[in-house]
Novice: 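Below is the structure I would like to discuss, written out as structure tokens.
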Protein chains: 2
Amino acid sequence: MAFSEFRPLDENSLIEYIKATPSLSSKIGHNYDGLKIKEVGDGNLNFVYIIVAPSGSFVIKQALPYMRCIGESWPMTKERAYFEAVALKQHGGLCPEHVPEVYHFDRTMSLIGMRYLEPPHIILRKGLIAGIEYPLLAEHMSEYMAKTLFCTSLLYRSTTEHKRAVVEFCGNVELCRLTEQVVFSDPYKVSEYSHWTSPYLDRDAETIREDYLLKIEVAELKSKFCERAQALIHGDLHTSSVMVTPDSTQVIDPEFAFYGPMGFDIGAFIGNLILAFFAQDGHAGQGNDRKESTRERKE
Amino acid sequence: MAFSEFRPLDENSLIEYIKATPSLSSKIGHNYDGLKIKEVGDGNLNFVYIIVAPSGSFVIKQALPYMRCIGESWPMTKERAYFEAVALKQHGGLCPEHVPEVYHFDRTMSLIGMRYLEPPHIILRKGLIAGIEYPLLAEHMSEYMAKTLFCTSLLYRSTTEHKRAVVEFCGNVELCRLTEQVVFSDPYKVSEYSHWTSPYLDRDAETIREDYLLKIEVAELKSKFCERAQALIHGDLHTSSVMVTPDSTQVIDPEFAFYGPMGFDIGAFIGNLILAFFAQDGHAGQGNDRKESTRERKE
């Protein structure tokens, strides 16, 4: 372990950290000439650094004990890095084709060293907004979900193995609570962190808040989310948790992983595809009217 | 702690144990004159002693590391006594009217000291076979299930409290596996420990084994039993887990307790009542034709 207690890394201390960590420095042949470090925000929760050297590359992801976008006002356990690393390793063991390899994990520093998904990998959401088609995406994501969900469920494992695994991931309770709030509660009531395109969607948002039958259905889904330890799910499988090229599909960021209902992953991904589909008209431009493929199939 | 390592007690060592345990000896006023010890088998898994003295009484239940009826050939963790004691205390805290008080628990010895349910308390199953009516039973059992199940569920508790409790009871995995086998698997296939009244019910047993739609339904229920951590259920709530008088209803033996679906307790109890109802004709005798109450209500 390179550092004896947690501290957020900057670009200087990062190099010091890499030099002291053989599993990382070996990835770049212990050669720091021509090393390039780029900090890339991955969202709200973490620092992410890309390290590229002539002889190799990797990514460092460090979890901070608060939501980055809000600053230190929203505390958020940095132990989530532990659950992310365990999930990456377990899902990666089951489906190495679609999960980036973990090179290094440091629990004290809440720090993961992992494969750099080099260009032309981009976030799937950006690709969908740009109107790019991914003919292998459905097959790859189906394979990822089938392997990770089936093999971590009681369809595959013994009760004893299953309960032991459930116990471990019960520790990721803070991130489960975040999902409960932002997915299953906030959208259905007036809440501080819910946003929509106002005033255009005011009436739609209100309609959802007043739909009691919908809310009963959502409450039922929420109880399944909280109670049903069916498989080790990714827990946040939207189109920004997937990096793609036309040939490669890589699932990242499983920090919300825990034993929950398979349907939460499957539904989140399909739901995001449906959102992307209905957003196509809004993203259409002269170069791509988003209608070609449909026409081709009809002809 | 009276003994530094586990050993099965007999009547002599039991007295030695009580003398060394203030929470027990105080129950009989530290007075061993006129003490009576009676060993009563409670089933297959434990030794149970009733201790009655002029100034008080209690019961000692000691779990053995094997199924008693089969001898040492079927190992069975004695840690189940720990989960039984925790469940008795938690359910007792929520519904003291219908759960016997725990006076003492010794994890090393897998030993519980608890209230002696004095005569005329009898096992409910025996009462039902004898044709006794219990006009308060439905209300008492409803209250027991409502309080213990609601208050240990997410309808009442926070996610953080719930996951912590789920983790603890995941340790009772061996008894969960026993239920999976004897309730959800063995009855639906040819299996060593399944019995029925042969040859009279051979055809019925075979019909069940060949009913594929039924087995699919049972598989669905089994997966809920294994996966849905809804509430701290008793886990074995048949009519031999309840002791009754016309005025008192006491639920005992929650060694199968874990976080599972509420329906497993509710369904087990109602199912046992239905079995008892249909068995009445077989138990009818000259003194009680089992038809009076029905007639009374019809008149």
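Each chain gets a letter, A, B and so on, in the order the sequences are listed, and its residues count up from 1. Just the heavy atoms: all of them, side chains too, but no hydrogens, waters or symmetry mates, feed the values below. Predicted model, so just to flag it, every value in this text is computed and none were measured.
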Novice: Evaluate whether atom CD of A/Glu139 has more than 12 neighbouring non-hydrogen atoms of other residues, nucleotides or ligands under 6.0 angstrom away.
Specialist: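 No, CD of A/Glu139 has 12 or fewer neighbouring heavy atoms, counting only those of other groups under 6.0 Å.
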
Novice: Checking A/Glu168 against chain B: side chain, backbone, both or neither under 4.5 Å from a heavy atom?
Specialist: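 When you check distances to chain B, no heavy atom of A/Glu168 falls under 4.5 Å.
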
Novice: Just do the side chain to side chain contact (heavy atoms under 4.5 Å, CB included) check on B/Arg228 and A/Lys224 with the steps written out, would you?
Specialist: CA-CA 8 Å; B/Arg228 185 144 200 178; A/Lys224 281 188 183 161; 4.1 Å; yes

Novice: Surrounding CD of A/Glu5 (heavy atoms of other residues, nucleotides or ligands, distance under 6.0 Å), is the total greater than 12?
Specialist: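 No, CD of A/Glu5 has 12 or fewer neighbouring heavy atoms, counting only those of other groups under 6.0 Å.
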
Novice: What part of A/Phe169 gets within 4.5 angstrom of chain B, counting heavy atoms only: side chain, backbone, both, or neither?
Specialist: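 No part of A/Phe169 comes within 4.5 Å of chain B.
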
Novice: Once rounded to the nearest 0.5 Å, what's the spacing between atom CD of A/Glu227 and atom CG of B/Leu154?
Specialist: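 It is 5.5 Å, given to the nearest 0.5 Å.
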
Novice: Using 0.5 Å steps for rounding, measure from the CD atom of B/Glu174 to the OG1 atom of A/Thr159.
Specialist: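 B/Glu174 atom CD to A/Thr159 atom OG1 measures 11.5 Å (nearest 0.5 Å).
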
Novice: For B/Lys163 versus A/Cys170, what's the shortest heavy-atom pair and its separation?
Specialist: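 Result for this residue pair: CD-O, 3.6 Å.
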
Novice: Mind checking the NE2-SG spacing from A/His162 to B/Cys226? Nearest 0.5 Å is all I need.
Specialist: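 A/His162 atom NE2 to B/Cys226 atom SG measures 8.0 Å (nearest 0.5 Å).
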
Novice: Between A/Ser153 and chain B, with a heavy-atom cut-off of 4.5 Å, which part of the residue counts as in contact: side chain, backbone, both or neither?
Specialist: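 Interface part for A/Ser153: neither.
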
Novice: Does B/Arg177, at its CZ atom, have more than 12 non-hydrogen atoms belonging to other residues, nucleotides or ligands within less than 6.0 Å?
Specialist: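 Counting neighbours around CZ of B/Arg177, 12 or fewer heavy atoms of other residues, nucleotides or ligands fall under 6.0 Å, so no.
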
Novice: Side chain, backbone, both or neither: which part of B/Ser158 has an atom under 4.5 Å from a heavy atom of chain A?
Specialist: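 Neither; nothing under 4.5 Å.
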
